[in-house]
Structure formats: C-alpha cells, structure tokens
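Okay, structure first, notes after.
Whatever order the structure lists them in is the order used to number ligands and atoms, beginning at 1.
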Amino acid sequence: MNSENSLTNLAMMLASGDVKVVDCTGVLGPDTPILRLPEDFAKNTPKVEIHKISEYDEDGPFFAWNWLKLGEHAGTHFDAPHHWITGKDYDDGFTDTLDVQRLVAPVNVIDCSEETAKNEDFLLTADSVKAWESEYGEIGAGEWVVMRTDWDKRATDEARFLNADDSGPHSPGPTPDCIEYLLSKGIVGWGTQCIGTDAGQAGGMEPPYPAHNLLHRDNCFGLASLANLDQLPAKGAILIAAPLKIQHGTGSPIRALALVPKD
Ligand code: 23J
Ligand code: MN
C-alpha cells in the first residue's frame, strides 16, 4: 500500500469521524489516586498539586497559568525501562532517550472486566492470553497489550482505586508467565487501568512486581491508570502513549490517545 495515500486516508477519516480519537487518560489533579508503598519499605510520590500563578489579576493582568507539583508516576502515566533496577543499563531507557517510533502502535485490549468484577485480585495468565489470541488473533511484535478491568470507574475515589486492607492493596494484574509470554511475542509494552502495571499483591510474587521486573529487563514500557478502555475494540485501534521528555526521566504522566475505527 502507498503510505502517502494511507496517511491522506487517515487524515480524511479523522476529519469525517470515521476514525475516532478516544481519550484513555484520567484527570490529573489533587484528587488523582497515587500509589502508596509501605513507609518502612520506600518513600512515596506526593499528591499532585496545582498552584495558581495568576488568573487575569494583579499577578498577571492578561493571563491565567499554574505551576505543578507532580510525580513522574502520577495518574495515567508511562513507565520507562530505567524505572526498574532490571532496566537500569539501557541508555535509551529514559523518557528523553527512548525511541519515539515505538510509542505509536496497534493495541490489543484484553477484556477482564467480568473476572475483575468478581475477584479484585484477578490475575491474567499466559494461558488466558493464548485463549484470547485464538478468539481475536495473534498479538504481534511492536504492539501494545492492555488489560481492561474498568478500574477507571473507581478513579474518583482513591480508597476504592487503591483498595487496600491489612493484607495490602487488592487490584488485578498479570502473572509472571503472562508477561514472559507477551515479551516472547515482542510487544512494546503492557498497560493496565490500576495504579501500576502490576497487581496489588505483586510484591509477593516471584520475581516481586513481575510486570515491572520483566518488562523493563527487556527495555519495554509500562502504562498505568489507563481510562476508557471499554471504548476500544479488542483489536484494530492504534494507541499513542507519549511521555514528556523529562531529562533522564523514569516515567511521565501521558495523554494516552487511541485511534479507533468507527464500526
Ligand atoms: C515503585 C514500586 C512499586 C510499584 C510502582 C513503583 C508503580 O506502580 C509505578 O508507578 O511504577 S507497583
Ligand atoms: Mn509507574
């Protein structure tokens, strides 16, 4: 196919609405849920703060603007390989050095919303991914894979989003063998709708936090707190997940956008 014509077609389909742009991003602000690790284990990211500089007033007569206090791993965000110790040696593993060509790719949406409605600790396995592939088609090299749980519906309530009790946080995620299988297919990255790419109970897995450990070991990317995956088809959409070019950043809030063909 002629790629120039294809891009012209894409532009026409965007203009006509035959391709919709779905916003897979949650609102970033003081109420955005933030990960809370045990204080005796690690320091934490602060809550997001938005501070007004001026709003057409004595501090700036014609203009409104704010400054932010913002963790790299706040809200809908990107995990770069350098985020995890297993990815520490990749020169292109930072937000300012990664290959942006990889960020725009087809997205496979694995719908686990029924399972996670019944079991908040639901784990997606390699076998379940293989069953999904036999129904919807193979996951290809360079593609995104995201786990739909509809967890974004909880994002207005941090306690429900984090869902922690005395035994720690309870939220769905992948098993180690799931991530190993996806990496064997050559994916660019793995995304979830929960606070991180790993399940709430992933600290007790082998290895601990397998999505982080294995994805970043292989110079692959993570996406967390994705929204509106219920508006995406299982296959056929393209996901654009672009982090800010933070100097030697380990991650960044993103505006995750999906291009979705109208059915
Ligand atoms: C550090 C340690 C554990 C986790 C995380 C970060 C994240 O979820 C993150 O935002 O990368 S689980
Ligand atoms: Mn993160």
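Heavy atoms of Trp84 found under 4.0 angstrom from ligand 1 belong exclusively to the side chain.
Proximity of Leu35 to ligand 1 is established by a heavy-atom distance of less than 4.0 Å.
Between the side chains of His82 and Thr95, no donor N or O sits under 3.5 Å from an acceptor N or O. With hydrogens and angles left out, the side-chain atoms of Thr175 and Asp177 include a donor and acceptor closer than 3.5 Å. Judged by distance alone, the side chains of Gln201 and Asp121 never bring a donor and an acceptor atom under 3.5 Å apart.
Look at His73 and the Mn ion (ligand 2): an N/O/S atom of the residue is under 2.8 Å from the metal. Among the atoms of His77, an N, O or S atom falls under 2.8 Å of the Mn ion (ligand 2). Contact annotation: Glu72 places no N, O or S atom under 2.8 Å from the Mn ion (ligand 2).
Note: Tyr136 and Trp132 have tilted aromatic rings, judged against thresholds of 30 and 60 degrees for the angle between ring planes. In this structure, His248 and Phe94 have tilted ring planes: the angle between them lies in the 30° to 60° band. Aromatic ring orientation, Trp84 versus His216: tilted (interplanar angle from 30° to 60°).
The N, O or S atom of Asp79 lying closest to the Mn ion (ligand 2) is OD1.
Looking at atom 11 (O) of ligand 1, its nearest protein heavy atom turns out to be His83 NE2, 2.6 Å.
Within the listing of ligand 1, atoms 11 (O) sit less than 4.0 angstrom from a heavy atom of Asp79. The ligand atoms of ligand 1 that sit less than 4.0 angstrom from a heavy atom of Gly196 are 8 (O).
The backbone N or O of Glu138 sits less than 3.5 Å from a side-chain atom of Lys235, completing a donor-acceptor pair.
At least one N or O atom of His77, backbone or side chain, sits closer than 3.5 Å to an N or O atom of ligand 1. Geometrically, ligand 1 and His212 share a nitrogen or oxygen pair separated by less than 3.5 Å.
With a 4.5 Å cut-off on side-chain heavy atoms, Arg102 and Cys220 count as touching.
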